[in-house]
Structures are given as C-alpha cells and as structure tokens.
J.: 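One structure, pasted below without further comment.
Reminder, nothing fancy here: chain letters follow the sequence lines and each chain counts from 1.
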Protein chains: 2
Amino acid sequence: MTGIKDVAREVEMSTATVSRALRGLPGVTDETRQRVMEAARRLGYVPSPSAAGLASGQTRTVAVVVPFVTRWFFATVVHGAEQVLREHGYDLLLYNLGGDPDARHRVFETSLLTKRVDAVLVLSLTPTEDELTRLSALGRPVIIVGADIPGWATVRIDDVEAAAAATRHLADLGHRRIAYIGGATEGVLDFTAPTARLAGYRRTLADHGLPHDPALEEDGEFTVAGGLRAGRALLSLPDRPTAVFAASDEMAIGVLRAAHQLGLEVPEDVSVIGIDDHEMAGYFDLTTVAQSADEQGRVAARQVLCALDTSEWKPEQVILPTELLVRRTTAPYVGTAGR
Amino acid sequence: MTGIKDVAREVEMSTATVSRALRGLPGVTDETRQRVMEAARRLGYVPSPSAAGLASGQTRTVAVVVPFVTRWFFATVVHGAEQVLREHGYDLLLYNLGGDPDARHRVFETSLLTKRVDAVLVLSLTPTEDELTRLSALGRPVIIVGADIPGWATVRIDDVEAAAAATRHLADLGHRRIAYIGGATEGVLDFTAPTARLAGYRRTLADHGLPHDPALEEDGEFTVAGGLRAGRALLSLPDRPTAVFAASDEMAIGVLRAAHQLGLEVPEDVSVIGIDDHEMAGYFDLTTVAQSADEQGRVAARQVLCALDTSEWKPEQVILPTELLVRRTTAPYVGTAGR
DNA sequence: CTGAAAGCGCTAACAC
DNA sequence: GTGTTAGCGCTTTCAG
C-alpha cells in the first residue's frame, strides 16, 4: 500500500510537506502542491483514516443514531444529513436502534461512540438523563433532530403548532367531533413529538370551545398498521368523529384505509389530516401539515460542521417551518344531512 | 482519556497482556482476564478504533453503498444488515448515493473505501466494469445484494422467477391483457432487477400463449409516482389491460391510486399485483410476490462476517425464496360482462 | 502465560 | 516554505 512516505520520496520532500499539500493547508507553494498531488495520483496514494485519526484526534466521521431507518421520516433525515456531510468529506456511521431496547442500551452504554466519531446526531429520541450525561461526557458536539431537549442543540419543527394548525384547519371547516391519533407519550423509544402534538390538539380544541372527549384519542403507534387499527376503532364508534387528525401521515394513510374498509367516503363522511407530507401523501391526496425531513437532516449536518470548526460553539435551537397543505381528504362539515 | 496503558499500570501488567485479555484472545489466565476487565471498567477505559485499526489493519467497519436510503427495500436491507453487523461488533458506514451521479462517481472513484472498511456491501447497483475493477482492487470482501453479477458474491431473489410467478398468477386467473410496469433497464443508477423481471414477464406471457403487446409495457421508475403515472396511461388505453403487474409494490400502490382516480374498481375492473410485500402492501390488500429485504440484509451481513474470518473465502451466490401472497387486488377475469 | 519493543501511517510542533 | 522529530494508542512479533 503506498503511503505518504512513498509520495514524499517521489517528490523528494518531507512527509510533512506532502501532508500539508494533500490536505490543502496553507504554507505550501502552488507548484509544490501540484507536484505532490500529481505524484499522489500517479502512485495511487490512498490516505489512511486510522492513522490520520490517531495522529490528529479527528475521525471525520459522525455518528447518526436513529430509532428505525425504515421509517420515512428517519430515512429522509439521514438522507439529508448524509448529503451535506459527504459533501464536506465526512462519513456517516449509522446506529440503527431498530426498536430493540438492548440496542439502545448498548449504543449509549458502551460508548462505542467515543474516539470513533467527531460528533453525534440523535434522531427524535428523548435521551434519558443518564444518556444525556454520557452524551455530554463525549465532549463532542451532539445535535438532536426532531425532539425538544432544552439546553441541547436541536433541529425540529414546532410540534405543538403543527398539531394546532391541523386541528384548527378541521375546526375551521366546521368539525366539532375531531379525533386524534397519536403515539405513546412514553416508553422504551420515547419521543417528544407525540406529547407536543397531543398538546397542540387539545389546546386548539379548547381554543375553539370544542369539548374534549377522551374516547376520541387513540394510539396509532406512528405506523400505518396502528393508524388502521385506531381509525377502525374511532370510525366504528356509535357517535363517530367527523374528522380525524393523525399525528403522522403514515397513521393518516391507515385511517384512509380504515374508512375505505368501513365503507366510508373521505372526505364526504370523514375528513382526515396528517402531519409530515410523507412521499406518499400526495398520491392519496392527503391534506397534511408538511415538514421537511430532508431539510432537518441538512440543517443538522450543517450544525455539526459548524460546531466542528467553531472553537467556541454553543448549542442552538433551530425550528423549521411547517405548512398546511390542503389536498382532498378534508372538507367542510355538512352535518348529517350531507351523508 | 484513559488508555490501555493506564489499565496495564493499574493491574501491573504489560499492555500486551491487557490487549489480549480485553479482546478475549487465548493465552491469558482467567484470573488475569478478570482483573483486567474489572480494572478497565473501573477506569472507564474506552478503546481507540483508530489506534487498533492502524496497528491491526482492521477497522471493524463495513461500508454499505445504497442507491437511496429512503426507499423501502434499501432501508430494510440496511436495517437487517446493521442488526447482525452490530451484533458482531461491526460498525456500518453508510454511503447513500441518493440518485446523485456524482456521488456514485465519488464513492467508487476516490476509493474512500480503502483502509477505512473491512468489507463492502453494495445494494442493488450494477457496478460498471470500472467500478468492479476498483472493488476488487480493494482486496476486501464485497457482497452485492439484490443484483445478479456473475462471479461476485451476491444475495438476492430469483427476479425472473418472481416476475414469472406474478404473471402466471394473473394468467391463471384468465387474464389475457396483462400490462407490465417496470423501470429503466439502464441508466446512471442501473439495477439488474428491472431487466430480469421484464424477462420473467415476457417469458410467462409466451409460455401461456399470450400475445406480447409493447403498448402494455410502461416505465414506473420503481416509485409510487411513477406507478401512478404509468398506471394512468395504461388504464386510459382504449383497449385497456384487465390486469397490471407492477415490478414493485410501490409502483403497484401507484396503480391502485390510478385506478381509483379513473373510477375503476380493483379487482373488479382491473387486477393488480406487485413484488416485495412492502410494509404497506397489507393495508392495501395488495396481492404480491413477497421477498424479505430484511433477510437479504442479514444474510449478506453474515456473508461479510464469514468472509472476514475465513482465510480462504470464495464468493457465493445465495438466492432467497419468494412467495406469492394472494390478497385482494387480483381476481379472475370475468370478461366484459363483469363490468 | 506474560513482557519488551518495534512499528502501523499519519499529524503537529518546532526548527530552520 | 519546508524539514525534523516526536508521538497518537494500539497490536504483534519474538523472547522468556
């Protein structure tokens, strides 16, 4: 394997100069740099990240901890982050918890992260106190995406407001029995979004003077399957809701399916709205409160890069905008006469 | 940062012994190992992968090159692979091409892979001759998932047979005008699956003595959007097909949507079948030829591990089974009377 | 079973 | 601008 030494010998210079030239550091003549690059290319020089890492203490790698890569939101954030990291020469180490409580434990516990990455991106999880301690112990920038953890650098949307916007849309259409499908507000894999969205829903109901009926709140586990189940339960109610707000598009799609199975028309019999603007939302004409997962990934990655080359970096909370996208699964409430 | 030296000093032994003990190598008394482990834990010792990598030449990291993390199949394969790799102490470096031709070029061209990973997993791409050369030049195990590259280690399904099974199912139901929606058989990101599936479709048509109508073959780009577009085109034909075989569930879902938009009932007016058993397939009652992406990821990861600790490893081609899952989007052809 | 010592390939002060 | 010189923190012969 040809190393930096070989290149140095080839151009009859010291390895230090070669190293500087190759990395684009100042203090090297343009001509020298040219010769070095040329020689490196000719010799087929390939740098050793291990050696560089050992010597410099920087791995040019960032860890991304994700609950489930298979979920649209997470995959998309990873996609966005990878894009800008790669662009800046950083590699992305994927830690997929996959719903396995042990995996989560292992990742944080045995800090495999240490000495392996320059920074960490945590997606949507609410780290426990203990995990936060370990994360700060890393002494490296940590950016949290999709969760609101006070005091930490986060990139997310305003979940309360997103849910409020969805609920408001339904209320403005005249709906009075508005159901909510969310997710567990605690558990092994806990997120802050479910709690915030539920709060936004309830607050809006109150704001509009609408009664709060606990029977209209269901857990849809943030999956299509869960949304289908919850939707079926809700829409089979004797006094069923005329509108359903699902806290994610995947659950909303499940509700659409549930309505179909029960022979209900959307939006004639029931309005449905989600959150996300999932890639499939458009094909279902699903009205939703759009957020850009991609952008959240990119912004988070930029935060990482910024943290990495700003000596005195301080955690920042950035909130990305959401937008109500009215498509065709929501319609004005027309009373029972409309059916 | 406490290193191996600190642990050595603590137990009053050489770093060599500590290293051996920590890695579970033979030639260390049980008692010594106990003391070392204990001391390491107490001191909060964290190994440095860079140092270990530099000294041993092994990074305990495998690269996974994926066309689009956001696509169900790829995300699921990654999920499966990550699971077994992590279990065996390997990290997963994600290279997401994201449809960017430059990205692809960069990943293979500037062999960032070298000296950085112990093995490479390539998902679905058909590497070019040049890329294959570079891959072999790595001198490391390379496993290809979801593509048929003769001479290389691959893990995949029999795409020809999967497509044949789907087509056969439709033909057996009495359909004679069976459309096919696939993907480009060449391009920047080219896969072998589209070609194989098209072949399976055509072959089965011929086997059943059904005419081959080029007008019934559309490109759906393997996305819901593409499937919707292709489905709309196909189902708007004057003499429209009575059944549509989409080479992926995502496209099939697009077709379902197209049918709905055109006011056609599935399966009464048109039968639809896909391939994958995508997580959403069940909710659409989509008949499909199931493949386990998860399992392909796991098997591929096991191949990697095997290759890594078998000195004389030879590439193996493993083909995983598929299964026709008849749900409710396909039905017997009942002639025009049925409409 | 354990230890000594020589690197692995590069970076970073510090000289010149 | 460029060279010299120490390491970075491990693993790995080779001795004992």
J.: Can you check whether A:Pro150's main-chain N or O pairs, donor with acceptor, with A:Thr154's side chain at less than 3.5 Å?
T.: no
J.: Do A:Tyr90 and A:Val304 touch side chain to side chain, with heavy atoms closer than 4.5 Å?
T.: no
J.: Between A:Thr15 and A:Gly27, which residue's closest nucleotide on DNA chain D lies nearer the 5′ terminus?
T.: A:Gly27
J.: Quick one: on DNA chain C, does B:Ala55 or B:Arg20 contact a more 5' nucleotide (nearest heavy atom)?
T.: B:Arg20
J.: Give me each pair satisfying salt bridge (charged side-chain N to carboxylate O under 4.0 Å, His left out) with a member in residues 15-30 of chain A, each pair once, sequence neighbours excluded.
T.: none
J.: Of the options C:dC8, C:dA12, C:dA5, whose atoms approach the side-chain atoms of A:Ser56 most closely?
T.: C:dA12
J.: Rounded to whole Å, how long is the line connecting atom CG of A:Leu54 with atom P of C:dG7?
T.: 17 Å
J.: Could you state the CD1-P distance from A:Ile4 to C:dC8, rounded to the nearest angstrom?
T.: 14 Å
J.: Could you tell me how far apart A:Leu22 (CG) and C:dA12 (P) are, to the nearest whole angstrom?
T.: 14 Å
J.: Between A:Gln303 and A:Ala300, is there a donor-acceptor pair closer than 3.5 Å when you use the side chain of the first and the backbone of the second?
T.: no
J.: Looking at A:Arg23, I'd like to know whether one of its side-chain N or O atoms comes within less than 4.0 Å of OP1 or OP2 on C:dA12.
T.: yes
J.: So A:Ser50, base contact, sugar-phosphate only, or nothing? Heavy-atom distance under 4.0 Å.
T.: nothing
J.: Calculate the interatomic distance between B:Leu25 atom CG and C:dT2 atom P; express it in whole Å.
T.: 13 Å
J.: Checking B:Arg116 against A:Thr61 for the side chain to side chain donor-acceptor pair (under 3.5 Å) test, could you report, in this order, the C-alpha distance in whole Å, the side-chain angles of both residues, the deciding distance, and whether it holds?
T.: CA-CA 11 Å; B:Arg116 204 171 198 337; A:Thr61 298; 2.6 Å; yes
J.: Would A:Asp148 and A:Arg156 pass as an ion pair if we require N to O under 4.0 Å?
T.: yes
J.: Counting heavy atoms from C-beta on, name the nucleotide in C:dT2, C:dA12, C:dG9 closest to the side chain of B:Thr17.
T.: C:dT2
J.: For A:Arg298 and A:Glu295, what are the C-alpha separation, side-chain angles and deciding distance, and is it a salt bridge (charged side-chain N to carboxylate O under 4.0 Å, His left out)?
T.: CA-CA 5 Å; A:Arg298 283 194 299 263; A:Glu295 182 64 9; 2.6 Å; yes
J.: Categorize A:Ala52 for me: base, sugar-phosphate, or nothing, with a 4.0 angstrom heavy-atom threshold over every strand shown.
T.: sugar-phosphate
J.: If you walk 5' to 3' along DNA chain D, what is the first nucleotide with an atom under 4.0 Å of a heavy atom in chain B, and what is the last?
T.: D:dG9 to D:dT12
